[in-house]
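Shown next, in structure tokens, is the structure this report addresses.
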Amino acid sequence: MVIAIDGPAGAGKSTVARAVAAELGFTYLDSGAMYRSVALAAREAGVDPDDGAALGPLAAGLEIDFDGRRVLLGGRDVSEQIRTPGVSADASRVSVHPAVREAMVARQRALIEAGDYVAEGRDIGTVVSPGAPLKVFLTASDEERARRRAAETGEDVASVLAAQRRRDARDREREHGALRAADDAVEIDTTGLSLEEVVARVVGLAEERGLGARSKGGPGDPERTSPQFVSEGSPGPPSPETPR
Ligand code: DC
């Protein structure tokens, strides 16, 4: 079973999805890391990110796994390599191709079938799991999203904003698995909201729908820490839940 958290880059999906998963005792699934892994594998194999015919078989043959916050490509830790600006740009290009999406969606469905997940991406609620019992679409203003990302990576806000607009356009306009809110998604604009407020809203929605139970790390837990919004993929403490 899956709680779907979709939205554009920098809307806070990763931080929110991780925190919601921890509160509910679900496993966190970062679908973007899978497209990033395809982009990295393509670079290493010398395959052009626009060459859909070559990328389909390449994506289908990849072994992508998660170990806590680490992303493994064929057993090799690629967690940092997949976050470079070059791979980010290529990920947006490789994810346009239907054969790449088919391979990743199949892998995501297999994972989700085997447990309770909070999965974040662009098409979780529309394509990967249209029957998800809770779909959240997170947004934030363009400037806020770029500011968050720049604060995390040290890049300047203007160039982050420019790259973000190019990726957003490609994500929204592609034919397959385009970024859009499912008709039955709950939209939350995180601009000006604290992480706690957003997480509480999503956990509240999950509880209203009878999904999960508050677990260790929830509001009543004295060991609970207060994370801040960080952009997708920035390093952080190891997560107790280990997607495999
Ligand atoms: O969420 P992210 O920035 O790590 O995603 C990297 C790229 O992968 C992004 O350009 C869009 C693409 N992506 C996708 O097409 N479908 C998903 N479910 C998740 C990410």
Side-chain angles (χ1 to χ4, degrees), residues 1-34 65-69 71 104-140 177 179-191 193-230 232-233 236-244:
M1 190 271 288
V2 67
I3 293 175
I5 301 197
D6 291 304
K13 296 188 304 290
S14 295
T15 321
V16 170
R18 271 201 185 95
V20 170
E23 290 224 10
L24 297 175
F26 286 19
T27 304
Y28 163 68
L29 176 63
D30 177 1
S31 66
M34 300 175 74
D65 290 296
F66 296 91
D67 181 7
R69 290 174 84 112
V71 183
M104 295 303 108
V105 168
R107 175 86 178 111
Q108 289 153 23
R109 285 183 179 150
L111 285 168
I112 286 164
E113 240 170 55
D116 290 332
Y117 279 83
V118 178
E120 61 132 317
R122 306 292 191 286
D123 61 341
I124 306 296
T126 50
V127 175
V128 177
S129 189
L134 174 58
K135 301 172 188 175
V136 174
F137 196 79
L138 285 190
T139 61
L179 168 66
R180 72 173 179 84
D183 293 340
D184 54 349
V186 180
E187 290 204 36
I188 302 176
D189 184 343
T190 69
T191 312
L193 294 181
S194 71
L195 174 66
E196 280 77 12
E197 287 171 309
V198 180
V199 172
R201 210 175 284 181
V202 178
V203 169
L205 287 165
E207 287 176 342
E208 271 170 29
R209 295 172 194 212
L211 308 172
R214 282 186 192 272
S215 63
K216 189 170 181 325
D221 184 339
E223 287 177 26
R224 184 174 188 243
T225 53
S226 290
Q228 302 297 310
F229 269 118
V230 291
E232 282 83 349
S239 154
E241 72 280 2
T242 302
R244 264 271 158 207

- CZ on Arg107 to OG on Ser31, rounded to 0.5 Å: 13.0 Å
- Query: Measuring from Gln108:CD to Met34:CE, what's the distance to the nearest 0.5 Å?
  - Reply: 5.0 Å
- Message: Contact between Val16 and Ile5 at the side-chain level, heavy atoms closer than 4.5 Å - yes or no?
- Response: yes
- Message: Is the shortest side-chain heavy-atom distance between Phe137 and Val186 below 4.5 Å?
- Response: no
- Identify the two heavy atoms, one from Val71 and one from Ala33, that lie closest to each other, and give their separation to 0.1 Å. CG2-CB, 3.9 Å
- Message: What's the separation between atom CG in Asp30 and atom CZ in Phe66, rounded to the nearest 0.5 Å?
- Response: 5.5 Å
- Query: Of the non-hydrogen atoms in Leu111 and Tyr117, which two are nearest, and what is the gap between them?
  - Reply: O-CE1, 3.0 Å
- Message: Any side-chain to backbone donor/acceptor pair from Thr190 onto Ala11? Under 3.5 Å, distance only.
- Response: yes
- Query: Under 3.5 Å, is there a donor-acceptor pair linking the side chains of Thr139 and Glu187?
  - Reply: no
- Query: Will you find, in the side chains of Tyr28 and Glu120, an N or O donor that is under 3.5 Å from an N or O acceptor?
  - Reply: yes
- Task: Kindly indicate whether the side chain of Asp6, heavy atoms from C-beta on, has any atom under 4.5 Å from the side chain of Leu138.
- Result: no
- Task: Give a yes or no answer on whether the side chain of Lys13 reaches the backbone of Gly7 with a donor-acceptor pair at less than 3.5 Å.
- Result: yes
- Task: Kindly write out the residues that satisfy side chain to side chain contact (heavy atoms under 4.5 Å, CB included) with Glu197, not counting sequence neighbours, or none if the list is empty.
- Result: Leu193, Ser194
- Message: Nearest 0.5 angstrom please: Leu211 CG to Leu24 CG, how far?
- Response: 8.0 Å
Residues 123-136, side-chain donor-acceptor partners within the protein, below 3.5 Å, at least two apart:
{"unit_1": "Asp123", "atom_1": "OD2", "unit_2": "Arg101", "atom_2": "NH2", "d": "2.9"}
{"unit_1": "Thr126", "atom_1": "OG1", "unit_2": "Asp123", "atom_2": "O", "d": "3.4"}
{"unit_1": "Lys135", "atom_1": "NZ", "unit_2": "Gly125", "atom_2": "O", "d": "3.2"}
{"unit_1": "Lys135", "atom_1": "NZ", "unit_2": "Pro130", "atom_2": "O", "d": "2.6"}
{"unit_1": "Lys135", "atom_1": "NZ", "unit_2": "Asp184", "atom_2": "OD1", "d": "3.0"}
{"unit_1": "Lys135", "atom_1": "NZ", "unit_2": "Asp184", "atom_2": "OD2", "d": "3.3"}

- Note on the structure: To the nearest 0.5 Å, atom CD1 of Ile112 lies from atom CE of Met1 at 10.5 Å
- Query: With Asp116, which residues qualify under side-chain hydrogen bond (donor to acceptor under 3.5 Å, both in side chains), at least two apart?
  - Reply: none
